[in-house]
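The structure under discussion appears below in the form of C-alpha cells.
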Amino acid sequence: MPVAKAGSSSDSRVIAHVDLDCFYVQVEQRKRPELRGVPAAVVQYNSWKGGGLIAVSYEARAYGVTRSMRGDEAKAICPNIHLVQVPVARGKADLSTYREAGSEVVSILARRGRCERASIDEVYLDLTDAAEALLAEYPPGQLEKKPIDEEALNSHISGLNSMGDDHNQRVKEWISRGDADRRDKLLACGVLIVTDLRKQVLQDTQFTCSAGIAHNKMLAKLASGMHKPAQQTVVPQSAVKEFLELLPIKKMKQLGGKLGNQLQNELGIRTVGDLSKYTEQKLQEKFGMNNGTWLWNIARGINGEEVESRLLPKSHGSGKRFPGPQSLRIVQSVEHWINKLSEDLCERLNSDLEQNKRIAQTLTLHATAFISNGTDSTKKFPSKSCPLRYGQFKVQEDAMTLFRSGLREYLGFFGVNAFGNKQNEWRITTLSLSASKIVCIPSGTSSILKYFTEDSDITASIKPTEESERDGGSKLTEVKTLIQEQDACVLDDNLGTRALENTGEAAPIQRMPTILRFFSPGDAPFPIKKQGCFKSLHFSGAPSSSGLPQLNQRGDGAIKRSACANSGSRAEKHLRADEWKYDVDEIDHSVIDELPPEIQEEVRDWLHPRSRQVKQRKGIAAYFLPKPS
DNA sequence: CATGGTGCTCAT
DNA sequence: ATGAGCAG
Ligand SMILES: Nc1ccn([C@H]2C[C@H](O)[C@@H](COP(=O)(O)OP(=O)(O)OP(=O)(O)O)O2)c(=O)n1
C-alpha cells in the first residue's frame, strides 16, 4: 500500500511522467506501417473467441473496442479492425519484442535527468536539475528571449482553459512570462525539456507518447493522462486545487481497487475534494497510519515520493494460465510447462547477465490450483522460493522441487487419502516462475583468466560434473565463455561449491550461486604483490545492523589458514599453499580494518548489498590482497 | 477453472 | 518467506 513520504505543497521539483500511446500497437505499427491510422489491436492467442486484446489503437477505440475484449467481439463492433497477434514461443505469449521496444524508449528518456522505469511503457523523470540549469541561462528580463520549440506551444496548461485560436499564443506567454512564480518558471522549463525528449523519442523510435509535468509524481501521472495521444500537460501549483477538486478518487493511482472502494462505500467519498474534508487523524484511524497520512497528503496534491534511479526491471517472470479444460492434471504436464517457463526465464536471465551484468538470486514458483470434485476448495496453492542457480536445467529441477513442495502442502490441507484418494484430483490453472533479488555484479572486475598463466589451469578447475553434463554440457561451455569473454564471472555452485540442503522434509533445495570477483593485478584498487595469491572473504548468516555480515560471537579475529587439501569446495580448491582466506563468520570487523585503508570503504560497499539481501545464504567472495607479513 | 502475462510495493 | 493488492 502507499507509504507517506515527506513532501509539501512547496515542493518545487520538476517531475514528468511519460507514457507511450497504445504501446504494443505502436510497436506493431512500426513493423507494419500499413497498420498506421487504421483501427488495430494486439491480441494474444486466438483459438478461443479470437483471443484477448491487450492493446488497442485510438482509431479502434472510437468504435468502442477496449482492452480485454475478445477478438471476436472486437471484430463484431469494428469489422475493419486489424488484429495483430502477440508472438508465441514455446507455446506461450512472448512479450520480448515489447520489452525491447520499451528499453529503446527508456534509454532516450533517461538523457535529461533521473529516470525511473515504472512499467514497460512508462517512466517518471526528475528534471529538476535540468530545469534549474535551463532557467539559469535566462536571468530575469531575458525570459522573453528564450527560444521556444513550436511544438511546445501545443502543450496543455491546467487551469488555462482554452483550446481556441489563441491557445498557442497564451501558452507561449505562460512559458516565457518574466513575472511568473519561480516554480512556474521551472515547470515551464520542464515543458520545454519534455517537448524535446518526446521529439527525440519520435525521431529515434517512431513512437509517440504523452506526458505530464508537475511538482510531484502523483500530479505528473494524472497530468499525462489528461490529454492523449501524443500530447503533454503541465499542472502548475496554482491549478492543483481546482484540478483535484472534482477528480474521482478512483483516478488516483492506488485508489483504483479495494481501498478506493472502501473510501467510497464506508465514507461516501467520491472525489478528491470529498477526501480533503477529512482530518489526517480520522483517515489514520480508518486506514492506518501510513495510508491515512498518504491519503491526507494526496488530497492536497502533496506527494513527496522520489523518482528512483532505475532503468531496469527488478525481477523477471514467466507464467501461463491453463483455463477451463486446459487445466493440468498430472505432474508430467506440470513438468512440461515448467520446462518451457524455465527456458523462457533463463533466456531472459542470460540476456540480463550479458547486457547488464546482473544476476538474480531468488527463484519463486507461483501456482493456482483447485480440486476437481471439490465442492468448496477456495484453498490457495502456496508459492515457494529458493536460491536461484544459473542454468536452465537447474532452474527446471529446482522449480519442480518447489512445485512438489507446494503441492504436498496444498494437498495436505485437504488431508485425506484414506481410500477416497484425492491425490489425483488436483488441477493446476496457472504456473509462473519468477527471478528476483537481482543485483549487479560488482564493477571493476576482470577475468579470472588473468590469474593463471596456462589455460589448462582454468580448464582443470572447471571440470564437468554429472549434473553439468545433463544439459549436454552447454552450461559448462557457457561458464567457460563467460570466464573468457566477460570482465566478470559467475560460477554456479554446480561447478564445485557445496550445495546447502535445507532442513525439513518438504523443504526446497537451498543452493547458492557463488559469486567470485577477481582483479587482475593491474586492475585491483590496491597493490598485489604476488600474482595468484588471493584471500577470500567467506560470509554467511543474517546481516547485522551495520550491513556487514553477521559475525561470530568469539570475535577473535582469527585469520584461518585454508585447509586447501581437505576442502571439497571449488573455491577452496583454487587456493594454493600460499593463499589465505577469511571466514567472516569466524572473525570480527577487524577483517575489514586490517585491509589497506584505501580499500576498506570499497570492501564494505562490496559486501553490503549481497550480505543484506540474502539471509541464510552461503556465499564466497574472492579478493586479492598482499600476503600478510 | 476463459483476458493473460507481467511487474512493483507493502504487511505480516 | 509468503501473500495481498494494485497497475501497465
Ligand atoms: N492490463 C494491461 C495493461 C497494459 N498492457 C500492455 C499493453 C499496452 O500497450 C502497454 C501499455 O499499457 P497502457 O496502460 O499504457 O496502455 P496503452 O499504452 O495501450 O494505451 P494508452 O495510450 O491509453 O496509454 O502495456 C497489458 O498487456 N495489459
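All values below come from the heavy atoms of this structure, side chains included, with hydrogens, waters and symmetry mates left out. In what follows, chains carry the letters A, B, and so on, assigned in the order in which the sequence lines appear, proteins first and then strands, with residues in each chain numbered from 1.
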* Considering only B/dG7, B/dA2, C/dG8, which nucleotide approaches the side chain of A/Pro325 most closely? -> B/dA2
* Asked: Hey, are A/Arg70 and A/Asp72 close enough for a salt bridge, meaning a charged N less than 4.0 Å from a carboxylate O?
  -> no
* To do: Identify whether the distance between the nearest side-chain nitrogen and carboxylate oxygen of A/Arg30 and A/Glu104 falls below 4.0 Å.
  => yes
* Electrostatic pair A/Arg111:A/Asp204 at N-O distance under 4.0 angstrom -> yes
* Asked: Which part of the nucleic acid does A/Ile120 contact within heavy-atom distance under 4.0 Å: base, sugar-phosphate only, or nothing?
  -> nothing
* Structure fact -> A/Leu431 atom CG is separated from B/dT6 atom P, nearest whole Å, by 13 Å
* To do: Nearest whole angstrom, please: distance from the P of C/dT2 to the CG of A/Leu433.
  => 14 Å
* So, A/Asp344 and A/Arg348, do they make that salt bridge, N to O below 4.0 Å? -> yes
* Asked: Which of these nucleotides, C/dT2, C/dA1, B/dC8, is closest to any side-chain atom of A/Arg310?
  -> B/dC8
* Give one of base, sugar-phosphate or nothing for A/Leu255, where a contact means two heavy atoms less than 4.0 Å apart. => sugar-phosphate
* Structure fact -> Against the side chain of A/Leu259, the closest entry in C/dC6, C/dA1, C/dG8 is C/dC6
* To do: Please state whether the phosphate of C/dT2, meaning OP1 or OP2, lies under 4.0 angstrom from any side-chain nitrogen or oxygen of A/Lys384.
  => yes
* The side chain of A/Gln254 lies closest to which of these nucleotides: C/dC6, C/dT2, C/dA4? -> C/dC6
* Asked: Would you say the side-chain atoms of A/Thr430 and A/Thr368 include a donor-acceptor pair closer than 3.5 Å?
  -> yes
* To do: Would you tell me if any nitrogen or oxygen in the side chain of A/Lys221 comes within less than 4.0 Å of OP1 or OP2 on C/dG8?
  => yes
* To do: Could you tell me the separation between the CG atom of A/Asp21 and the C1' atom of C/dG8, rounded to a whole number of Å?
  => 14 Å
* **A/Tyr24 OH to B/dT3 C1', straight-line distance once rounded to whole Å** => 13 Å
* Structure fact -> Checking B/dT3, B/dG7, B/dC1 against the side chain of A/Arg70 (C-beta onward), the nearest is B/dT3
* Asked: Nearest to the side chain of A/Ile54, which nucleotide is it out of B/dT3, C/dT2, B/dG5?
  -> B/dT3
* 5′-ward residue of the pair A/Asp344/A/Thr429 relative to DNA chain B -> A/Thr429
* Asked: How many Å lie between CZ on A/Arg329 and P on B/dC1, as a whole number?
  -> 15 Å
* To do: Give the ring-plane orientation class for A/Phe322 versus A/Trp337, where under 30° counts as parallel, over 60° as perpendicular and anything between as tilted.
  => tilted
* Asked: B/dC8 P sits how many Å from A/Glu305 CD, rounded?
  -> 14 Å
* Between A/Tyr45 and B/dG5, does any side-chain N or O lie under 4.0 Å from OP1 or OP2? -> yes
* Asked: Rounding to the closest angstrom, what is the interatomic distance between C/dT2 and B/dT3 at atom P?
  -> 29 Å
* Using only side-chain N and O atoms of A/Lys314, determine if any of them is under 4.0 Å from OP1 or OP2 of B/dT9. => yes
* How far does the P atom of B/dT9 sit from the matching atom of B/dG5, given to the nearest Å? -> 23 Å
* Asked: B/dG7, C/dG3, B/dG5: which one has an atom nearest the side-chain heavy atoms of A/Arg348?
  -> B/dG7
* Presence of A/Ser372 side-chain N/O under 4.0 Å of B/dC1 phosphate oxygens OP1/OP2 -> no
* To do: Describe the nucleic acid contact of A/Gly319 in one word from base, sugar-phosphate, nothing, applying a heavy-atom distance below 4.0 Å.
  => sugar-phosphate
* Do A/Gln326 and B/dA2 have a side chain to base donor-acceptor pair shorter than 3.5 Å? -> yes
* Want to settle it: does A/Phe370 or A/Gln44 sit nearer the 5' end of DNA chain B, counting the closest nucleotide to each? -> A/Phe370
* Any side-chain N or O of A/Lys258 under 4.0 Å from OP1/OP2 of C/dG5? -> yes
* Is it true that A/Phe403 and A/Phe381 have ring centroids separated by less than 6.0 Å? -> yes
* To do: May I ask you to verify if any side-chain N or O of A/Arg99 is less than 4.0 angstrom from the OP1 or OP2 atom of B/dG7?
  => yes
* Nucleotide of B/dT3, C/dG8, B/dC1 approaching A/Glu122 most closely (side-chain heavy atoms) -> C/dG8
* Indicate, with a heavy-atom threshold strictly under 4.0 Å, whether A/Lys253 touches base, sugar-phosphate, or nothing. => sugar-phosphate
* Asked: Between atom CG in A/Leu312 and atom P in B/dC8, what is the gap in whole Å?
  -> 10 Å
* Answer yes when A/Glu28 and A/Lys31 have at least one side-chain N-carboxylate O distance shorter than 4.0 Å, and no when they do not. => yes
* Asked: Looking only at side-chain N and O atoms, does A/Ser432 come under 4.0 Å of OP1 or OP2 in B/dT6?
  -> no
* Using only side-chain N and O atoms of A/Lys92, determine if any of them is under 4.0 Å from OP1 or OP2 of B/dT6. => yes
* Asked: Counting only side-chain N and O atoms of A/Asn291, is one of them less than 4.0 Å from OP1 or OP2 of B/dC10?
  -> no
* Using atom CZ of A/Phe381 as one end and atom P of C/dA1 as the other, report the distance to the nearest whole Å. => 18 Å
* Asked: Taking the side chain of A/Ser383 as heavy atoms from C-beta outward, which of B/dG7, C/dG8, C/dG3 is closest to it?
  -> C/dG3
* **Out of C/dA7, B/dG5, B/dC8, whichever nucleotide has its closest atom nearest the side chain of A/Pro313** => B/dC8
